[in-house]
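Scroll down for the structure; my scribbles are underneath it.
These numbers come from a predicted model, not from an experiment. Lettering follows sequence order; numbering is per chain, from 1. Heavy atoms only: backbone and side chains are in, while hydrogens, waters and symmetry mates are out.
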Amino acid sequence: MAQRIPYESHLNAAQLDAVTYYGSPLLVLAGAGSGKTRVITYKIAYLINEMSIDPKNILAVTFTNKASEEMKQRVDALLGEKVEVWIRTFHSTAARVLRIMGDAFGIQPRFTIIDQQDQKMILRKIMKEMNLDQDTYKPEKYAALIDRAKDRLLSAEEAESERFSTDPLFFDIYREYQRRLSHENLFDFGDLIFRFCRGLDSNGDALNSVKQRFRYILVDEFQDTNHAQYELIKKLTFPDGNIYVVGDEDQSIYGFRGAVVENIMNFSKEYAYTKIIKLEENYRSFQTILSASSHLIDKNSGRFGKTLFTRKGKGEKIVFFRAASDRGEARFIADRILNLRYNEGYGFADIAVFYRMNAQSRVFESVFSEMGIPYSIVGGFRFYEREEIKDILAYVRLLVNPYDEVSLRRIANKPIRGIGEKTVDALVRSTIECGRPFFHIDNGLEVSLARKKKVESFVESMVKLKEIVDSTYPPEFIRTLFETSGYLDYLKGTGNEERIRNIDELYNAVEEFSKQNPSAPISEFVEEVSLNQNNSDERFKQERTYLITLHNAKGLEFPVVFIAGMEEGIFPHYLAGEQVSELQEERRLCYVGMTRAMEKLYLTAARVRKLYGTSVERGVSKFLLELPQELIVFSEEEPEQRFFSGFTGPSFRRYRFSSGSGSLKQRKIPERSSARPSEISDLKASSRVVHPQFGRGTVVEISGEVAVIRFDDGKKMMFMLNYTPLRKDEE
DNA sequence: CCAATAAGTGTTTTT
DNA sequence: CACTTATTGG
């Protein structure tokens, strides 16, 4: 047994309070960087070590797999051993319980979990059969509506009587969708929570046994819970109230996915005698970054309000750069990164670039490879969403659940074996629709003899695989699957190297999985994958700059952060609409992004951005204007001339670097006739200058490469001379 | 039934 | 631009 954990010396007063508090519900309001995860992990340790609570009776719920992974590791490290505490995401908790207790809830425990792609496919099919024009009624829209209904614990019938939607078609689509899922024994993400809740409602004994098991429940990122998740928690913790939730209303960024901020705001009304503890000391960011972000979030209403403070130094001002184009923006960021790396002692991995939407990552990828910056995209194109990976997994899923029509359709003709859509239709009609697994093939199959032969040989090979699927060591099984299915040869035939590599990658993943879980069947691997949508190329993460969406950035921190695309329409995103609540969510997203930065924060924008084929000119994000201007250094690249539409030629400005480091030399920096730096080199206090956007002003102060200028309209701003097209005023 | 080609289209964030 | 869907010809 390890020696006692010195809670007092590892935690500040508020944290210690939160960790040791016992006896009634606890709400910890944890500001950004205030040690939230620390509190949860120490609390788990405390419950086990000091309160002598059996680890089996503790459930800690998170939202992302990443968070639960990290928490698991930290708890194990703290306690010095692998602990039996359940630390899982909401969805994986639900999936696990449903598999174990399915029978008590009237659920076939071998259900298959489908992702949004599958969901969309099913809806598309349904809508086609209903003869709905897919242009006016988009499957994505209905998918989202169905998700939202499930978040609110509404079945199709309940949604209808509650007038959940004004679109009468929706209820029919939802009903039919659900009918299919249950017929094929498929669960979407929403079902996992929904069915768990319903199961507990319908079976009091089951409810009691689950409550008995999970007597102490901790919830991380509580501000992100939706209605269904909150109800689930309530069912499990009423009336004993051994519930500890941690969250920050200012970091609620999943409203679009059904999260309800009110859950955290009203928590203490739902649970009597709730103890509220605020964590307000920020251990992450320099003063300037913290002040600027606090100032921004102050614009939001309906908050508890916190006063974050840090003992760190002031730090540097936030740099804002407005490039002429999206490529110019990427080039600026790349320049800064090289500078940080080679002149300022930062590693590539100390730096992250955040953006609002995945589509923005492309420019960075291209510019970064040109300039030799190693990068790694977190959660963009997802490994397990790739076609070839989904195909292989579909084979396994079909073997595990032979009613799974989605998977059947996916792989029936991959590799091409002469089983086209019509033939699959017939196959489905004669089996799955009649309530039989698809392996069961008889005379009911109405196709030509030649087709029938092909189907039979396909089914035969699947039956062979099915016989060994549960008993074979997963990596070995996958190998057999590659061979018998002919999939690997099929891929080799297409000559797509990358896909073949991905298949190898999948094999490695299975091997790794089996090493970690020696006795687990392959179906468990599929389960893990289904729930872990986000696993991209994180294995290779050493010494690479990160490219991440703002949503994915939550919970992370970096010494240097760039937030790109600070433009109206991008961030805040134009689809976020006019509503105050939506704008507030965008603002929180900005707050989350800014508070990830420890030492340096850069905000960048592009005047003209090429997105989805066309170039559009955009103004600067309103969030930028909401920040305290005295904490920001502004600079702007001279606008590009556009000769004709679509042409955005090279627009290299003269970026100055103080180093002659090797890898910098290869970068080509074309000269341009108007060399600004020299023009402004003799600036001094009281010089008169002209800025192309802000007009005439007087230099108040110059220090290094930064000049403070008071414009004639009274506005005071700071500029980086290297990047700003300032001219001397000749008047 | 299949592959190649043309046309069209819709653009956030994710468990 | 990138992706899906419809059409065509084999």
Could you tell me whether L192(A) contacts a base, only the sugar-phosphate backbone, or nothing, with contacts defined as non-hydrogen atoms closer than 4.0 Å?
nothing

According to the 5.5 Å centroid and 30° plane-angle thresholds, does H573(A) stack upon the nucleobase of dT12(B)?
yes

Any side-chain N or O of T64(A) under 4.0 Å from OP1/OP2 of dT14(B)?
no

Base, sugar-phosphate, or nothing: which does L550(A) touch, judged by heavy atoms less than 4.0 Å apart?
nothing

Residues passing the side-chain contact (heavy atoms from CB on, under 4.5 Å) test with A94(A), sequence neighbours excluded, are L192(A), I193(A), F196(A)

What is the distance, to the nearest angstrom, from the CZ atom on F354(A) to the P atom on dT14(B)?
13 Å

Under the side-chain hydrogen bond (donor to acceptor under 3.5 Å, both in side chains) test, residues paired with T549(A) that sit two or more places apart:
N552(A)

Tell me which of T549(A) and V424(A) sits closer to the 5' end of DNA chain B, going by the nucleotide each one is nearest to.
V424(A)

Report the distance from atom CD1 of I548(A) to atom C1' of dT13(B), rounded to the nearest whole Å.
14 Å

Backbone N or O of I114(A) within a donor-acceptor pair of the Q119(A) side chain at under 3.5 Å?
no

K390(A): what forms a side-chain contact (heavy atoms from CB on, under 4.5 Å) with it, not counting sequence neighbours?
D115(A), Q117(A), D118(A), R410(A)

My understanding is that only residues two or more places apart in sequence, or in another chain, count here; which of them pass side-chain contact (heavy atoms from CB on, under 4.5 Å) with N401(A)?
T112(A), N185(A), L186(A), Y403(A), D404(A)

Considering just the side-chain nitrogens and oxygens of N413(A), establish if one lies under 4.0 Å of OP1 or OP2 belonging to dC1(B).
no

What parts of residues 252-262 of chain A reach DNA chain B, counting only heavy atoms under 4.0 Å away?
Y254(A), F256(A), R257(A)

In whole angstroms, the gap separating P of dT9(B) from CD of E140(A) amounts to 14 Å

Closest listed nucleotide, where the reference is the side chain of Q116(A) and the choices are dT11(B), dT15(B), dT14(B):
dT15(B)

Assign each of I419(A) and F63(A) the nucleotide of DNA chain B bearing its closest heavy atom; nearer the 5' end lies the nucleotide of I419(A)

Rounding to an integer number of Å, can you tell me how far L575(A) CG sits from dT11(B) P?
8 Å

So, R198(A) side chain and L153(A) main chain: donor-acceptor pair closer than 3.5 Å or not?
yes

Between dT12(B) atom P and I563(A) atom CD1, what is the distance in whole Å?
21 Å

dA2(C), dT13(B), dT4(C): which one has an atom nearest the side-chain heavy atoms of R362(A)?
dA2(C)

Given atom CD1 of I416(A) and atom C1' of dC1(B), what is their separation to the nearest angstrom?
10 Å

dT13(B) and dT4(C), which share atom name C1', separated by this distance in whole Å
22 Å

What is the distance, to the nearest angstrom, from the CG atom on D191(A) to the P atom on dT15(B)?
18 Å

dT13(B) phosphate, OP1 or OP2: any side-chain N/O from N358(A) under 4.0 angstrom?
yes

Starting the side chain at C-beta, find the nucleotide from dT5(C), dA3(B), dT13(B) nearest to R124(A).
dT5(C)

Measure from the side-chain N and O atoms of E585(A) to the backbone N and O of G255(A), and report whether any donor-acceptor pair falls under 3.5 Å.
yes

With sequence neighbours excluded, residues passing side-chain contact (heavy atoms from CB on, under 4.5 Å) with S92(A)
R88(A), T89(A), L531(A)

Select one nucleotide: of dG10(B), dC2(B), dT14(B), the one nearest the side-chain heavy atoms of K138(A).
dG10(B)

Nearest-Å distance for atom pair NZ/P, residues K141(A) and dT11(B):
12 Å

Selected nucleotide, minimal atom distance to M357(A) side chain, candidates dA2(C), dT12(B), dT15(B)
dT12(B)

